Protein chains: 2
Amino acid sequence: MSLINENFLELQESYLFSTVAKKVAKFAEEHPDKKIIKLGIGDVTRPIAKACIEAMHKAVDELGTEEGFRGYGPEQGYDFLRNAIVENDYKARGIDISSDEVFVSDGAKCDCGNIVDIFAKDNVVAITDPVYPVYLDTNVMAGRSGKFNKEKQVYENIVYLPVTAQNNFEPELPKQKVDLIYLCFPNNPTGTVLTKEQLKKWVDYAKENNSIILYDAAYEAFITEKNIPHSIYEVEGAKDVAIEFKSYSKTAGFTGVRCAYLVIPKTVKGYTKTGEKIELNKLWNRRTCTKFNGVSYIVQRAAEATYSKEGKKEIKANIEYYLENAKIIREGLIKAGYEVYGGVNSPYIWLKVPGNMTSWEFFDKLLAEKNIVGTPGSGFGPHGEGYFRLTAFGTRENSIEAIKRI
Amino acid sequence: MSLINENFLELQESYLFSTVAKKVAKFAEEHPDKKIIKLGIGDVTRPIAKACIEAMHKAVDELGTEEGFRGYGPEQGYDFLRNAIVENDYKARGIDISSDEVFVSDGAKCDCGNIVDIFAKDNVVAITDPVYPVYLDTNVMAGRSGKFNKEKQVYENIVYLPVTAQNNFEPELPKQKVDLIYLCFPNNPTGTVLTKEQLKKWVDYAKENNSIILYDAAYEAFITEKNIPHSIYEVEGAKDVAIEFKSYSKTAGFTGVRCAYLVIPKTVKGYTKTGEKIELNKLWNRRTCTKFNGVSYIVQRAAEATYSKEGKKEIKANIEYYLENAKIIREGLIKAGYEVYGGVNSPYIWLKVPGNMTSWEFFDKLLAEKNIVGTPGSGFGPHGEGYFRLTAFGTRENSIEAIKRI
């Protein structure tokens with residue numbers, strides 16, 4: 001009898017975006033005259049940079065000829081891309097990462113989800129709250145969460161680290177020992193960041209407790225302020241304890257093109273039950289060779305082009321476009337009297353819902369009165385209740401219009 | 001303390017292709033005058049069909065414009081591709097599969113590897129021997145294999161089903177109860193097939209024992225004979241017990257482009273420990289939404305183009321090219337007195353090593369005397385010993401030249 005992985009049955013259905021979609025559809029049907037502005041979902045809207053488009057055309061042409069044809073590439077990614085990553089994302093910032101510590105993939109969501117494969121079931125997992133749901137759900141599937149407590153809306157074995165206005169969106173170090181720590185900065189959904197000094201506390205904690213930090217830096221391209229690390233490896237000691245996830249999705253608009261990478265320095269070690277140290281880079285390499293066959297050659301050429309002179313210029317312009325949207329939304333909300341976070345080093349604006357409304361009540365009000373769609377903070381975890389997310393990924397016109405309405 | 005998944009430590013390092021590469025490099029260095037012909041690795045060499053190239057150029061252009069830009073697509077694949085799959089690969093063969101039973105992915109290796117996520121650790125796994133190593137290794141990683149017995153070269157909890165000349169490459173039904181059964185036909189590495197009647201026995205076994213068949217049909221495009229099923233769903237009852245893996249890699253030369261799909265009919269059920277039936281389609285959908293973000297839009301357009309009139313014609317011509325190579329190699333070997341299998345419905349030719357030589361001894365002899373590289377059968381499992389694999393994926397010229405030398 002084929003037995004299913006019953007951990008899947010512990011997953012809580014997330015109705016967040018489907019409920020949003022249903023409510024919007026109902027409103028649109030009842031009010032066909034209203035122009036609804038959608039600032040809910042975190043997907044980009046600007047076209048792919050010309051440099052990347054050209055690189056892809058060239059790669060496609062190569063595959064159509066006998067001389068240029070390429071079959072299976074290296075599972076870990078082509079050297080041309082791994083080397084470009086090392087040069088531009090690390091060496092240029094004074095960080096010493098070698099190309100065999102970089103693994104090219106088809107998405108940070110896949111990487112964040114698949115990385116759990118190399119760890120034992122018995123690790124204690126800490127996540128910030130609110131949080132990108134993938135960290136939590138993939139650990140539920142792997143059997144690390146324990147049962148869901150419906151009353152408290154939390155899993156019994158997960159350590160939740162609240163990030164709210166009360167602690168200035170800086171998670172406190174856990175009181176108990178935790179083994180795997182998910183951190184995402186610039187943060188999704190709150191749009192907030194940690195300074196190098198704040199992040200250093202986490203690296204020190206991980207070193208003391210032999211924990212691993214799973215650091216999601218998918219939004220690092222949006223950082224505008226100094227002293228905010230673009231990579232966790234800017235922090236001393238991080239190369240011993242941190243795995244870093246990066247993505248071209250938000251940076252270069254690759255949400256439909258699909259490319260990302262993760263970095264596991266060879267100095268990062270996990271432990272066997274008897275205390276033997278094991279290089280996580282080796283385990284991940286074995287997983288990659290066994291379960292993955294590399295990213296499309298065409299896509300890897302596009303990712304490489306993001307590092308060309310022309311590519312960098314175009315991508316910077318796109319990021320600045322979104323950041324200007326963020327500024328317009330952020331400053332407009334402040335002017336309108338809202339308590340606002342994020343939006344400076346991030347495409348996300350996180351606002352405190354006024355009065356005693358819940359996140360969903362505010363959603364309904366904003367849709368009904370201003371015809372604007374955002375995302376209720378409670379959808380990202382219990383400590384997201386009372387907050388609301390708007391994104392800067394819309395058009396300039398819609399961002400300005402939304403603020404005018406508010 | 002972060003604990004690693006110690007099942008990884010049970011993996012046996014495969015030195016197959018690296019040892020092949022080392023031996024070839026050494027021979028080439030010592031004999032710079034010899035022209036070595038490589039018929040070892042199962043990667044295609046023909047360029048991508050023009051119809052697919054054109055479709056990719058068009059998709060790339062779309063992504064470069066504001067109107068045509070697409071961000072995140074559906075995790076399960078775009079409807080245009082899922083519908084084309086249903087129409088062409090199923091409906092056209094009289095098989096009733098609906099588009100939400102099809103999941104588009106970036107490779108059959110990923111699908112074969114990731115599918116284990118939805119099953120419990122305690123399932124008994126059966127694989128044929130010799131076998132594509134991914135089925136085995138991914139189950140070792142998931143903790144289903146038990147310890148490796150070095151003497152017998154087998155894992156203690158895996159049920160091995162020999163496929164050799166003795167049983168005419170038709171695996172016998174297991175005597176014990178097994179829960180997950182991996183079958184691959186046309187087979188890699190043996191190049192042999194099962195008829196509909198032979199496959200029916202497995203479907204009946206699975207139905208009687210509530211087992212699941214994981215059916216890898218990556219090479220179905222090479223089938224030339226009648227009564228050989230292109231899909232397991234041609235067999236009555238299979239829609240209740242089989243998951244099917246298909247790939248554009250060998251069919252359309254997409255090993256570097258990356259696209260595949262798997263099919264889980266909604267009628268396929270797994271069980272909880274208490275005997276409750278659970279739709280595997282639902283579990284896989286949840287896994288897909290949580291750990292995957294869909295295949296590159298560009299690549300999905302290329303896959304769609306394989307079903308266009310022009311695409312079908314070009315792809316058929318490529319397949320025929322490889323099959324003609326297979327015929328040349330197969331018939332040449334027979335003429336030279338070898339005992340040969342496969343090569344009729346498959347790009348792989350599986351030959352019995354003459355005399356009492358081992359697979360590796362024959363490898364050395366063929367390289368030294370004929371300057372031809374193949375793959376030792378023992379690299380695919382203990383029952384591959386005494387066999388040897390040649391592939392038809394080389395050029396016509398090299399295939400002819402290789403046979404001349406033999």
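Since this is a predicted model, take the numbers as computed values, not measurements. By convention in this document, chain letters (A, B, ...) are assigned in the order of the sequence lines, proteins followed by strands, and residues within each chain are numbered from 1.
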Is chain A contacted by the side chain of B:D111, its backbone, both, or neither, given a heavy-atom distance below 4.5 Å?
neither
Is there a donor-acceptor pair closer than 3.5 Å between any side-chain N or O of B:T306 and the backbone N or O of B:A252?
no
Between B:Y271 and B:N210, do the side chains contain an N or O donor and an N or O acceptor separated by less than 3.5 Å?
yes
Given a strict heavy-atom distance threshold of 4.5 Å, which part of A:E13 is in contact with chain B: side chain, backbone, both, or neither?
both
Under 4.5 Å from any heavy atom of chain A - which part of B:T138:
both
Within 45° of the axis and under 6.0 Å from the centre of the six-membered ring of B:Y321, does NZ or CZ of B:R396 qualify?
yes
Against chain A, label B:K50 side chain, backbone, both or neither, depending on which of its atoms sit under 4.5 Å from a heavy atom there.
neither
Please look at B:C112 and chain A and tell me whether the side chain, the backbone, both or neither of the residue comes under 4.5 angstrom of a heavy atom of that chain.
neither
Cut-off 4.5 Å, heavy atoms of chain A, and the answer for B:T395 is neither
By a 4.5 Å heavy-atom criterion (distance strictly below it), what part of B:I53 contacts chain A: side chain, backbone, both, or neither?
both
Between B:T255 and B:D43, is there a side-chain donor-acceptor contact under 3.5 Å, judged purely by atom types and distance?
yes
Once the angle between the rings of B:Y132 and B:Y135 is folded into 0 to 90°, is it parallel (under 30°), tilted (30 to 60°) or perpendicular (over 60°)?
perpendicular
